[in-house]
Amino acid sequence: MKIPLEPLRGFRDILAPDSTTLRHLMSLFRELVESYGYEEVIPPTLERFELFAIKSGEEIRRSMFVFRDKAGREVALRPEATASIARIYLKHLRAKPKPLRLYYIVNCFRYEEPQRARYREFWQAGIELLGAEGKVADIETINLLINYYEKIKMLDKIVLKIGNIGIYRSMFKHFGLADEEQDHILHLMDKSMYDEALSHLEQRGFNELANKLQELWTTNTIEEAAKILSTINKEAEKQAEYLIEITNIIRDIYPNLALEPDISFARGLAYYTGIIFEVKVPGFPVSIAGGGRYDNLIEIYGDEHVPGVGFAIGLDRTLAALKEKGINLGIERREKATIVLIDEKYTSYAIKLQQLLTSKHVVTDITTSSRISKTLQKIYEKGTRYAIIVGEKEAKENKVTIKNLESRKQVVVQLDRLKKVEKLSNIFEQKQI
RNA sequence: GCCGCCGUAGCUCAGCCGGGAGAGCGCGGGGCUGUGGACCCCGAGGUCCCGGGUUCAAAUCCCGGCGGCGGCCCCA
């Protein structure tokens, strides 16, 4: 019986060098956030469907991997990590002193038609800062996100869009717009359907609100916007000033960052309540990371009010953008060597040599060949720099022949001397024997 | 869930108004018995995406499905 070899639709086999870079992106993220005091949470891949279904309709179900397990439970592969983090907080972490700093690196699943930079399984790395409100927490979060892109040499390639949903929440509240109406208007804004949003409001008799919004969206700077908002009420003005303040702080920390404060920016997510942000790469079709403040999210799952702020990085998309921009992360490469064993009689000699080299962190493999000419070529094409020839001549005298395949220089050294050097390249730097 | 283009060797593809499955690159071996990238020779490798239909005959024409790329819906 023959099995089709292609992975399932929308799934991928990730091989080197992509696999190497992807894991590297994860390591850098882990290193960064751990040094800021974040602790890893590893949530289960499979959760109850209702965990994700809360506050979302059939549309969400369509794009999730949902099925019944053997006991008949309705379960889903996680489409994101934040819901699981909220659940984990309520189950295990309520009594912990706030704020809580949590991070995750997980694969997520969405049942969508595959298209550019969108797959059915993808990797997200993110943080959640729970139980902290205000400027410092918001800045900490945004700083970590930018800092990450700085570490992967993308600071000059990204645009950080930043807005404040709080502005709209306070305006809507002032004019008495119902929650569902609020989400609908934000949704239209997210899709840049501003005219539809305005006519929708006018139909419902919110003419003054519509006028104010229209005025707001024609402003060129957030300072102008703040002036208009000051004519509504103190809270709306405060929210606009907060956005200005946050923007100024980020500018101060990252003077070279392309920062795009946007008063009309609204991420579709129903649960955002304050600062929102998104990382885009000009020319790349989708945003590669995003996040914001969500002070009501935990309340959706439990009865406790816990403010939170966080972000998620699309690692696959970041990798794709990295490749598109031709950025080389310069992942530190260990020296690589291949032992060419000419006569299998000296197998134990070769294995001992391999142990010696690997203990010096040289990546070492063994090939047996009596035909050296083609073997050397193959080793070189694989990207291995050193060939170490082991045959009767070497084994009998406790020597090895080391050949640098790039310079084509070759030296014969005593095993004892090899034991003393730190790197193979050192042998070639010194005078040859 | 919807739409468009595509699917032939490991890769890139030709063949497609019906009748023989092919090229280049790559891979393996040899020329060269312990030292390279060139060159020459030889070789392996295929359910022509799958299933059905039309036909004496289908890689080729028709239908359905699956998959790839991209767009829409959606994007938590």
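Below, chains carry the letters A, B, ... as their sequence lines are ordered, and counting in each starts from 1. All values reported here derive from a predicted model rather than from experimental measurement. Hydrogens, waters and symmetry mates are skipped; everything else that's a heavy atom, side chains included, is used.
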Distance below 4.0 Å between A:Q115 side-chain N/O and B:G70 OP1 or OP2: no
Which nucleotide in [options] has an atom nearest any side-chain atom of [X]:
X	options	value
A:R9	B:G67, B:U35, B:C74	B:G67
A:S373	B:G34, B:G71, B:G36	B:G36
A:I342	B:G36, B:C2, B:G34	B:G34
A:K378	B:G29, B:U35, B:C74	B:G29
A:P114	B:C69, B:A76, B:C74	B:C69
A:H187	B:U35, B:C75, B:G71	B:C75
A:Q410	B:G36, B:U35, B:G29	B:U35
A:K374	B:G30, B:U35, B:C73	B:G30
A:P79	B:A76, B:C73, B:G36	B:A76

For atom CD of A:E113 and atom P of B:C74, their distance in whole Å: 15 Å
Assert yes or no for the condition that the ring centre distance of A:F29 to A:Y148 is strictly below 6.0 Å. yes
Taking the six-membered ring where the residue is Trp, are the ring centres of A:Y386 and A:F428 under 6.0 Å apart? yes
Say whether A:E181 and A:H200, considering side chains only, have a donor N or O and an acceptor N or O under 3.5 Å apart. yes
Quick one: the side chain of A:E394 and the base of B:G34, do they pair up donor-acceptor inside 3.5 Å? yes
For the base of B:C73, is there a side-chain donor-acceptor partner from A:R62 under 3.5 Å away? yes
Counting heavy atoms not belonging to A:K151, are there more than 12 under 6.0 Å from its NZ? no
Tell me if the NZ atom of A:K98 is crowded by more than 12 foreign heavy atoms within 6.0 Å. yes
What nucleic acid atoms does A:T401 come within less than 4.0 Å of, heavy atoms only: base, sugar-phosphate, or nothing? base
Contact class for A:I379 (heavy atom, under 4.0 Å): base, sugar-phosphate, or nothing? nothing
